[in-house]
Protein chains: 2
Amino acid sequence: MNPDILRERQNATFDIEKLTNILDGGAERTNRRREIQSLVLNDPDFDYGNPNFLSRSERYDQAVKKSAHMILKLREYGISDPVEINWYKSYVHRFRGNPLEIHLAMFLPTLLNQATPEQMDRFFTPSWDLEIIGTYAQTEMGHGTHLRGLETTATFDPATQEFVMHSPTVTSIKWWPGGLGKTSNHAIVLAQLYTQGKCHGLNAFIVPLRSMGTHMPLPGIVIGDIGPKFGFDAVDNGYLKLEHVRIPRENMLMKYAQVKPDGSYVKPLSSKLTYGTMVFIRSLIVGNAGTMLSQCCTIAIRYSAVRHQSEIRAGEAEPQILDYQTQQHKLFPLLATAYAFLFAGQYMIDTYNRISGDINQGDLSEMPELHALSAGLKAFTTWTANTGIEVCRMSCGGHGYSRSSALPDIYVEFTPSCTYEGENTVMMLQTARFLMKSYRQVQAGQQLSGAVSYLNKVHHRVMAPQAVSSQLDLNLNTLVDLYEIRAAMLVELAAQSIQQESARGKCQEDSWNNSSIDLVRASDAHCHYMVLKMFRDKVDQIEDPGVHSVMSTLAHLYAIHGMGNFTGDFLQAGVLTGAQVPSVSKCLKGLLAEVRPSAVLLVDAFDHHDKMLNSVLGRHDGNVYEAMFEWARRSPLNRTEVHESFHKHLKPLQAKL
Amino acid sequence: MNPDILRERQNATFDIEKLTNILDGGAERTNRRREIQSLVLNDPDFDYGNPNFLSRSERYDQAVKKSAHMILKLREYGISDPVEINWYKSYVHRFRGNPLEIHLAMFLPTLLNQATPEQMDRFFTPSWDLEIIGTYAQTEMGHGTHLRGLETTATFDPATQEFVMHSPTVTSIKWWPGGLGKTSNHAIVLAQLYTQGKCHGLNAFIVPLRSMGTHMPLPGIVIGDIGPKFGFDAVDNGYLKLEHVRIPRENMLMKYAQVKPDGSYVKPLSSKLTYGTMVFIRSLIVGNAGTMLSQCCTIAIRYSAVRHQSEIRAGEAEPQILDYQTQQHKLFPLLATAYAFLFAGQYMIDTYNRISGDINQGDLSEMPELHALSAGLKAFTTWTANTGIEVCRMSCGGHGYSRSSALPDIYVEFTPSCTYEGENTVMMLQTARFLMKSYRQVQAGQQLSGAVSYLNKVHHRVMAPQAVSSQLDLNLNTLVDLYEIRAAMLVELAAQSIQQESARGKCQEDSWNNSSIDLVRASDAHCHYMVLKMFRDKVDQIEDPGVHSVMSTLAHLYAIHGMGNFTGDFLQAGVLTGAQVPSVSKCLKGLLAEVRPSAVLLVDAFDHHDKMLNSVLGRHDGNVYEAMFEWARRSPLNRTEVHESFHKHLKPLQAKL
């Protein structure tokens with residue numbers, strides 16, 4: 001082991017394993033997770049070398065191979081718990097997308113939720129056996145998050161008892177579904193249902209795409225891969241143009257909505273049935289933002305512990321770059337953020353599970369709040385992690401730019417989560433809608449409960465005056481209060497902007513649009529407050545003194561760093577004075593110095609295995625340079641000493657000059 | 001043409017061509033630039049289809065081919081003006097890196113500057129004819145920006161009159177030089193010179209790498225490509241391990257420093273001789289940040305004009321997404337920033353040229369200021385553009401993630417400029433060093449001139465009190481003054497931090513390190529002020545009323561947006577009160593609305609040709625969806641209807657289940 005990183009691991013002030021257990025939700029779960037990981041790591045069929053040395057087609061091929069092998073193994077081992085399946089899958093694909101993801105995570109569950117018993121027989125069993133491989137074709141070239149705008153049509157023809165599926169425009173071509181391009185032979189297609197001359201809105205239809213035997217596209221099906229992307233090389237995101245394709249009436253998913261043989265339409269009882277799935281997926285994304293950021297912090301902080309550069313004091317040896325305040329300022333707040341987001345993800349899933357139980361008993365009261373929170377947190381965490389991943393990459397200097405660092409790969413794989421499952425700005429505005437509604441309720445004299453209960457105080461103006469003080473108190477609990485005040489102020493300012501626009505004679509929609517910058521800011525501040533509060537509450541639950549202490553420091557750093565970034569809001573809210581700002585900065589520097597001795601230990605606690613990180617910079621043993629040289633020598637352009645371009649282009653050029 | 005984008009181009013309030021001329025530096029230059037562009041576009045040998053459909057090896061091969069053809073053509077046309085060569089090269093390679101870049105831009109100029117007449121004969125002529133293809137091998141695996149830490153050794157052996165070139169450690173392996181991996185047969189190697197038992201620091205040596213005939217690596221030369229990176233696929237960034245390689249004494253570049261046959265070392269007269277080149281290259285990077293951002297704004301704004309989504313008012317047609325305030329808030333400040341950086345780039349080059357003239361006449365007085373400014377502005381503009389490119393990409397929703405948008409390519413090609421030619425944080429600290437020195441001079445009673453003259457006022461406390469006013473004045477000239485006050489305050493705070501650390505007994509170096517967060521902030525604020533001032537000064541020079549008006553609005557937007565981002569600083573400086581902050585936000589919204597009708601015209605004025613943008617979203621005619629579908633259908637995975645993985649993996653899986 002590299003002596004620098006060895007030294008970092010001596011004299012730990014806390015028990016790393018205990019912290020890992022907290023992240024996993026208990027020692028038992030840590031053990032079980034590692035067992036699952038070993039199953040993958042010790043399986044020679046999953047060791048396929050470095051994907052960065054493969055072509056796009058080879059990467060896709062490898063991912064299909066891994067997915068196929070994974071399905072066999074999961075059944076062989078009898079792993080059926082969703083969490084364990086998810087671990088297994090993440091380890092097989094190293095947290096990257098795969099071509100069968102949508103089949104397993106969307107196609108099968110949608111059948112389970114929306115298929116009739118007859119359809120279950122006809123479709124579920126063959127889908128379970130991968131005879132049918134399905135995808136979920138919702139997004140079109142012209143419409144994503146705004147579902148009502150989708151243009152694909154399903155027109156019922158009572159004469160033949162069929163639906164005619166059609167893409168009437170270029171923009172109506174299905175675009176982006178994972179696994180659609182090459183892998184799937186069926187799709188659940190979302191289309192506007194027309195029957196008896198009337199449109200009944202979006203419904204789901206099972207459409208065969210490719211022949212079961214030959215895998216060739218069926219007549220009327222124009223299908224393919226949408227071409228190279230920023231990342232997601234292993235996934236065949238596809239397009240689908242339907243040219244008057246006929247499917248039997250019984251291929252409409254009819255557990256809820258129905259079209260009768262005579263063409264009459266039966267509405268579903270509730271349109272909120274898929275609401276829960278959406279909340280669940282967004283909650284997973286929150287945790288995933290934490291996971292991806294934790295991987296990048298692991299890589300950047302370990303590398304910063306072994307990289308020496310320049311000098312702080314003349315004549316002395318070059319310091320570890322982790323000793324530079326600017327480097328600490330880049331990485332430690334992100335380290336704190338990674339923990340914050342992992343805890344926020346835990347909170348969201350726990351709350352989802354709790355509320356789901358209530359819902360099954362008919363109590364939907366907490367759902368709107370959770371829905372609003374999941375939308376906003378999805379946006380808040382993915383945006384922050386997205387930026388943070390790049391900060392980590394650039395903190396590794398030039399070597400972060402090499403694919404051997406794994407950082408470019410993590411970024412391109414993560415960044416679409418700012419767009420998919422709800423475009424982030426739209427998500428923030430959804431949360432804002434809930435905040436504005438809550439604010440109006442307070443104005444109307446109602447007493448709010450739950451996450452937005454702080455708005456009760458706004459109306460009664462009891463917040464700011466208390467907090468202004470000549471003696472600045474920057475302890476964690478006070479900071480949570482200050483974030484609450486900040487959020488309340490920004491909610492109020494957004495509401496005032498809408499009111500002012502209305503007063504100027506603007507219609508409701510224009511007033512909303514003309515206030516949307518303020519609305520996004522309000523949501524952002526609300527989410528920031530919520531994440532900090534969850535972090536503080538989590539820390540309060542930690543019993544082990546060593547772990548509690550270091551996590552308190554991190555939560556404090558998370559709060560102070562945010563305050564430094566949004567000083568203007570706190571000054572504007574009157575809870576801070578210009579003269580006090582340097583104290584915030586001093587507090588921040590103190591916390592960076594406090595985190596420094598534990599930084600490597602804190603990333604070790606994330607428990608990312610070297611083979612999962614697959615990064616020459618993030619190696620546990622710190623031997624980065626040898627690994628980098630080894631990696632480069634094996635890269636494809638070095639298979640020959642002389643590249644063909646020399647003979648094709650350079651030699652002829654020399655001859656001509 | 002798409003009707004939406006057609007409508008955007010009607011009723012222009014200004015003459016686009018005149019604005020393009022301002023960007024080019026005159027109508028004549030616009031015409032000449034377009035002439036050069038036509039030479040490339042009409043040359044069938046340069047039309048090689050879409051690089052995203054090629055493998056890494058094919059991309060490299062294509063780039064070598066284009067570079068070779070380019071050299072022939074430049075000589076055939078007799079293009080010799082450096083600016084025109086640069087245009088030609090940018091158009092050939094669509095603003096991307098190429099394998100012969102370092103040969104042309106570093107190897108040949110270094111010979112010109114540092115070779116003796118004898119060396120010119122021996123090396124320059126064959127290099128000009130591409131018999132010798134060279135690279136510049138400076139960066140090592142273990143050291144980048146900190147040059148003194150380089151480890152490669154050149155030990156003089158008087159017995160044989162040779163230098164022994166050697167890589168003593170893994171970290172000393174040369175790493176990153178462009179064209180080193182496969183293309184070059186020579187390198188200028190920077191190495192620590194040892195002679196007569198003493199180290200004389202870095203010197204430059206010409207080292208043959210590959211046999212001139214066969215292109216095979218020479219004995220003792222371990223050489224190759226460093227492997228896949230985030231981008232720069234077309235460039236063979238390479239590694240070089242030297243194993244006791246002997247070169248003749250005459251291969252040391254000896255125009256300045258020399259090693260005599262007896263091994264005695266003759267120092268160069270000045271070590272600042274390469275200073276100017278560094279300033280020049282950083283100045284080019286400033287302009288390039290503007291160019292790359294202008295490309296992304298062109299793509300995102302044109303796409304936002306043809307993309308319709310969701311609804312503002314119920315029942316009405318879906319609006320262009322450019323009508324959403326949140327979309328305007330993402331894109332218009334970046335549009336303003338692109339102009340700001342293009343003008344800053346012009347300013348830097350003009351100043352460099354002016355000062356270079358002075359230097360040739362022995363006047364070096366302005367050089368430190370330009371050096372400091374070029375370092376800071378390089379960091380300031382590349383960081384801002386780097387983030388901005390990604391904002392543009394994500395503002396295009398999912399389609400921005402497709403390589404067909406060109407945005408991923410622009411990002412990966414641009415982002416290393418935050419690291420190369422001086423890592424950005426180090427650059428900011430260099431500028432800070434100049435600012436601290438200037439601040440100390442003011443404290444010592446000196447009167448400063450030039451860019452930092454505003455620091456004179458700090459000391460006399462004449463700034464802030466004047467500016468505080470109950471009636472907030474947000475016109476452009478006042479804003480420039482407020483940015484000046486902000487910069488002065490942050491410079492002062494950084495200086496105070498250093499002083500406080502010293503007072504606490506810290507040595508000078510630790511005081512500096514413990515204040516480096518403040519120092520970076522101070523540099524950032526200084527650069528922000530300088531860029532705004534250059535923008536305002538440029539606008540003041542514009543005579544045409546229409547162009548002047550729209551550019552004033554953009555400069556104003558640039559200033560107000562920055563104020564919104566750094567409200568805390570302005571509040572802290574006491575030039576703004578909490579109650580006034582909503583006025584800043586209102587002013588910002590007003591400016592966004594003012595820019596809206598001219599947005600498409602303002603990106604048209606950048607004059608990026610469709611073939612250069614190579615983006616389906618950024619097309620001048622707005623027909624994005626048809627182009628996207630066409631692009632996808634041509635992508636490699638669609639060459640066969642059924643991918644081989646179906647037969648290899650999926651069919652066998654189905655059989656087993």
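As the structure is a prediction and not an experimental result, all values here were calculated from the model.
Residue B:Leu653 holds its CG atom at 5.0 Å from CG of A:Leu72, rounded to the nearest 0.5 Å. Rounding to the nearest 0.5 angstrom, the gap separating the OG atom in B:Ser55 from the CZ atom in A:Arg56 is 14.0 Å. Between the CG atom in B:Leu650 and the CG atom in A:Leu100 there is a gap of 6.5 Å [rounded to 0.5 Å]. Summarising the geometry, atom NZ belonging to B:Lys229 is positioned 12.0 Å from atom CG belonging to A:Asn52; distances are rounded to the nearest 0.5 Å. Considering CG of A:Leu657 and CH2 of B:Trp128, their distance stands at 10.0 Å, rounded to 0.5 Å. In this structure, NZ in A:Lys648 is found 3.5 Å from CG in B:Asp61, a value given to the nearest 0.5 Å.
Partner of B:Gln325 under the side chain to side chain contact (heavy atoms under 4.5 Å, CB included) criterion, out of A:Leu519, A:Asp510, A:Ile517, A:Val520: A:Ile517 alone.
If you measure heavy-atom distances from B:Leu130 to chain A, the contacts under 4.5 Å come from both the backbone and the side chain. The parts of A:Tyr324 that come within reach of chain B are both its backbone and its side chain, each placing non-hydrogen atoms under 4.5 angstrom from that chain. Looking at B:Ser57, the atoms closer than 4.5 Å to chain A (heavy atoms on both sides) sit in the backbone and in the side chain alike. Interface residue A:Leu592: only side-chain heavy atoms are found under 4.5 Å from chain B. Only the side chain of B:Ile133 comes within contact range of chain A, with at least one heavy atom under 4.5 Å from a heavy atom of that chain. Residue B:Ser645 touches chain A through both its backbone and its side chain, counting heavy-atom pairs closer than 4.5 Å. Proximity to chain A (any heavy atom under 4.5 Å) is shown, for B:Val624, by neither the backbone nor the side chain. Within the 4.5 angstrom heavy-atom criterion, only side-chain atoms of A:Tyr239, from C-beta onward, approach chain B.
Using a 4.5 Å cut-off on side-chain heavy atoms (C-beta onward), A:His215 and B:Lys651 make no contact. With a 4.5 Å cut-off on side-chain heavy atoms, A:Ser635 and B:Pro228 count as touching. For the pair B:Lys182 and A:Phe646, the minimum side-chain heavy-atom distance is 4.5 Å or more. Side-chain contact between A:Thr425 and B:Lys330 is present, with heavy atoms from C-beta onward closer than 4.5 Å. The closest side-chain heavy-atom distance from B:Gln572 to A:Pro582 is below 4.5 Å. At a threshold of 4.5 Å between non-hydrogen side-chain atoms, the residues A:Ser402 and B:Trp175 do not count as touching. Between A:Met628 and B:Met141 there is a side-chain heavy-atom pair separated by less than 4.5 Å. Between B:His308 and A:Thr171, the closest side-chain pair of non-hydrogen atoms is not below 4.5 Å.
Between chain A and the residues B:Asp409, B:Thr567, B:Leu571, B:Thr169, the largest count of heavy-atom pairs under 4.5 Å involves B:Leu571. Ranked by heavy-atom pairs under 4.5 Å with chain B, the first of A:Gly568, A:Gly144, A:Gly142, A:Pro99 is A:Gly142. When A:Pro416, A:Gly578, A:Ala579 are compared by the number of non-hydrogen pairs under 4.5 Å with chain B, A:Pro416 comes out ahead.
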- Between B:Glu131 and A:Lys656, does a salt bridge (Lys or Arg N to Asp or Glu O under 4.0 Å) hold up when you go through it step by step? CA-CA 11 Å; B:Glu131 208 182 307; A:Lys656 284 181 201 159; over 6 Å; no
- Go through the steps for A:Arg633 and B:Asp225 under the test salt bridge (Lys or Arg N to Asp or Glu O under 4.0 Å), then give the verdict. CA-CA 8 Å; A:Arg633 297 194 78 160; B:Asp225 179 89; over 6 Å; no
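In this pair, B:His643 and A:Tyr60 present their aromatic rings perpendicular. The plane angle is above 60°, beyond the 30 to 60° band. Ring planes of B:Phe230 and A:Tyr411: perpendicular class, angle over 60° (limits at 30 and 60°). Relative orientation of the B:Tyr401 and A:Phe232 rings is perpendicular, given thresholds of 30° and 60° on the angle between their planes.
For the residue pair B:Ser497 and A:Lys589, a side-chain donor N or O sits within less than 3.5 Å of a side-chain acceptor on the partner. A donor-acceptor contact under 3.5 angstrom links the side chains of B:Arg393 and A:Thr415, judged on distance only. No hydrogens or angles considered: a donor-acceptor pair under 3.5 Å links the side chains of B:Glu318 and A:His143.
Between the side chain of A:Asn638 and the main chain of B:Gly227, no donor-acceptor pair closer than 3.5 Å is present.
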